Amino acid sequence: MAKKRILLVDDEHELVEMVKMRLEAYDYEVITAFDGQEALDKAKLEKPDLIILDIMLPKMDGYKVCRMLKFDEKFRKIPIIMFTARAQMTDKELGEQVGADEYIIKPFEPEVLLAKIKELINKA
Amino acid sequence: MKKNREKIIINTGFTLAIGILLIIGFVSYQRIIDFTNVTDSVSKTYKILERLERLSSLLKDTESGRRGYIITGEERFLDIAYSGINLVDDAVKELRQLLSDNSEQQKMLDDLEPLITKRLDLFKQSIESQKSKGFIASFQIPLIDEGKIVMDKIQEIILEIKKEERNLLKLREKVSKGMSQKTILTLFIGSGLSFSLLLLVFYILKREIFERKRTEQALRKIKDELEIRVDQRAGELKKAYEELKKAEQVSSQLAAIVNFSDDAIIGNTLEGIITSWNVGAEKVYGYHAEEVIGKHISLLVPPEFSNEIPRIREKLRSGESISHFETIRTRKDGKRICVSLTFSPIKDDAGAVIGLSSIDRDVTERKKLDKLKDDFISTVSHELRTPLSITKEGISLVLDKIPGDINEKQKKILTTSRDNIDRLSRIINELLDISKIEEGKIDVKRESVSIVELIARAISLFESKAKEKGLALEFLRPEKDLHIYIDADKITQVLTNLLDNAIRFTKEGVIKVYIIDKENEAECIVEDSGVGISQDDLSRVFNKFQQFGRVPGAGEKGTGLGLAIAKGIIEMHKGKIWVDSEFEKGSKFGFSLPKYTYQTLAKECVSSGLNNSLKNNSKFSIIMGSMANFNNLVDELSAESIRLITKDIESIIRNSLRRSGDTTLKDKGEFIVFLADCDKENALRIEGRLEQLIDDYLVTHNLSTRIQLKFNCATYPDDAKDENGLLEAVRENI
């Protein structure tokens, strides 16, 4: 079975590197992007099985990326995990409004992240 | 009136009594005179009778004398006869005198007198003849017997006169007897009458005197009381005067405060005409008092906020106050400012609202600062979390041996580091929470939740932790499920905190959780057998940054904010939180949550929605969905399937609502959706969408024949101006 492909989007390079390392250790293929525009482009180009999307991104914020993908017939099926350092209720609600499937607050528990990825990919 | 009548009675009584007595006197006098007359007549009659008797006996004596002389011829008899004759005349004279008032008797006497004279003449004749002719001649006369005839006639008349007089006597005695009886009767009645009258008068007088005495006493009492009251009143007046003086001082102080306050303090009539304007108002709005007094308050209100005014007025008219209502106003120079308004009704002595006062604070600067602070907190939180997450992920990677193997010592050190990173991130979270709670920026989103299930779920999260420490974690689950309207996420946070504390501060023993179902509220208790809290510290338990009974050594440490947050959350639910504890024996934390009925909650939701729309100058709509035949449904379907259907419909509604401000409320067969900042057109669109979605659901589940869900919507201010009106409007067509 082919490896599941995850698009990991965050402007913090070190974090991206480390999460990538973990995901690869758990046998996922990881594509990375560091701003909103790049994330949207790569999502459309690579058609990943799941997207981990930070909210505060340069060029275009995570909500907008999420909304554009969820409102596009071709990509709406791709599960999206919103990834944010702002543990505010409004963020969670906004995430749900734009159609995000899950929501993870930084700093995160690695097990929780992995469990959610697994659950969403299996569901899809 | 009564007095006058009594006076009249007394006077009349006296006069009458005296009159009656006079009459009695007069009558008695009359009677005595009459009586004397009668008595006189009676004695006269007796006299007459006696004279008649005497006359008769004189005549007899004369006869006997004559006879004696004739028979014996002795002169001695003649003397007797003549002395009788002489006396007869006198007797007749006397009789005439006595009978002078009786003409009848007088006549009789007239008849009698010649007879007597004749008799006496005959008698003298007889004696003379005796003397001259001798015994035979004189003897002849009586033999002729003329004398005897005369004598008989005389006797006859005398008898008649006697008879008449006796009759008269009888009559007079009778009259006299009747007269004395009448006199006695008159005396008796008159005396009785006057005596009664006098008694009556006496009684009335006595009563009058008694009443006067009583009145006098009452008057005296009133006078005494009056004096006391006057004294009291004087004291009160003095006190009032002093108070007035004090009040004047206070009032001038207040006037000074009002005048020199930095806040605008404005007085309005109920119609909105400005009546007072302090120096603060000049500073805030830039108008001088003389420019605005007498003008309408709408001068300060930007046109798009103009519909605030009537609603504010309505609220105040009912006696309510409005505090810290934030809105926008226009200054004289056209600049818009953010103001926080506090309105109070001005009441007259009778308590009627006659105007309103507002204290307006320019919060433009504060708003800017608030925004800055919010941005700062959110930035700081983000900026702190990012390095923390990188560090944590780094450590986690190493601990998970992804980059390569590590030894036990290294693992221990890294575990400690990771725990402290977690602690740091908890502190950040809780600081954010507490700052939001303190600013009142968190909304309670109430929904009907089974508190039993909620507790059970919270406990399940701690089961492994308790097991690790060898503690028993017990939920004394009540038999009956209990649904209350709460914000499930927030109450879970409170429970998590209490359970976390209980486990952390208990070395051995049991942690018990139970519910007390009261009439108006549900209490939830978390009881442990841990270290407890000393009496001194108990009062500070819910303060910020208070930590007690720190456990030495490794392990999760608290932040000192958990209980302050718990208190904040419970108070947002209008509940109470408390603690009972005995040092080294254990602690008992409890909180109560008021049970809202669907109705009160619906009203509260509408009310808070209206307040928000007033604040934001936006419209507010509610949509109601109601199962027309819910009661029949209860009979047809099982409780469980109704619960599932309701839950499904609720989640359909929830999912179709895109915005965070929209909330829903459900009760037996009824759903209400509260749409902030939503006009009628939008509400109708949402209503249509909900109807379609639920219809689809009912059709797919073969329920469309059984369940008829009807919808209606109402919008503020289009359909109604207050909470009750809006709820009525939305129910109207269902």
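Here is how names work: the chains are called A, B, and so on, in the same order as the sequence lines, proteins then strands, and each is numbered from 1. Note that the coordinates shown come from a computational prediction; the quantities given were computed from them, not determined experimentally.
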- Note on the structure: In this structure, CD1 of Ile104(A) is separated from OG of Ser389(B) (nearest 0.5 Å) by 12.0 Å

- Item | Pairwise distance CD(Glu393(B)) to CZ(Phe108(A)) - rounded to 0.5 angstrom | 4.0 Å

- Message: Within the supplied structure, the quantity of interest is the number of heavy atoms (other residues, nucleotides, ligands) at a distance under 6.0 Å from Lys116(A) NZ; does it exceed 12?
- Response: yes

- Note on the structure: Ranked by heavy-atom pairs below 4.5 Å to chain B, first place among Glu24(A), Glu14(A), Met21(A) goes to Met21(A)

- Message: Checking side-chain contact (heavy atoms from CB on, under 4.5 Å) between Met18(A) and each of Ile395(B), Thr391(B), Ile390(B), which is the one that passes?
- Response: Ile390(B)

- Message: Does atom NZ (Lys42(A)) have a neighbourhood of more than 12 heavy atoms from anything else shown, all under 6.0 Å?
- Response: yes

- Query: From Lys106(A) NZ over to Thr386(B) OG1, what is the distance, rounded to the nearest 0.5 angstrom?
  - Reply: 5.0 Å

- Item | Closest approach of Ser425(B) to Pro107(A) (non-hydrogen atoms, all atoms of both residues) | CB-CG, 3.6 Å

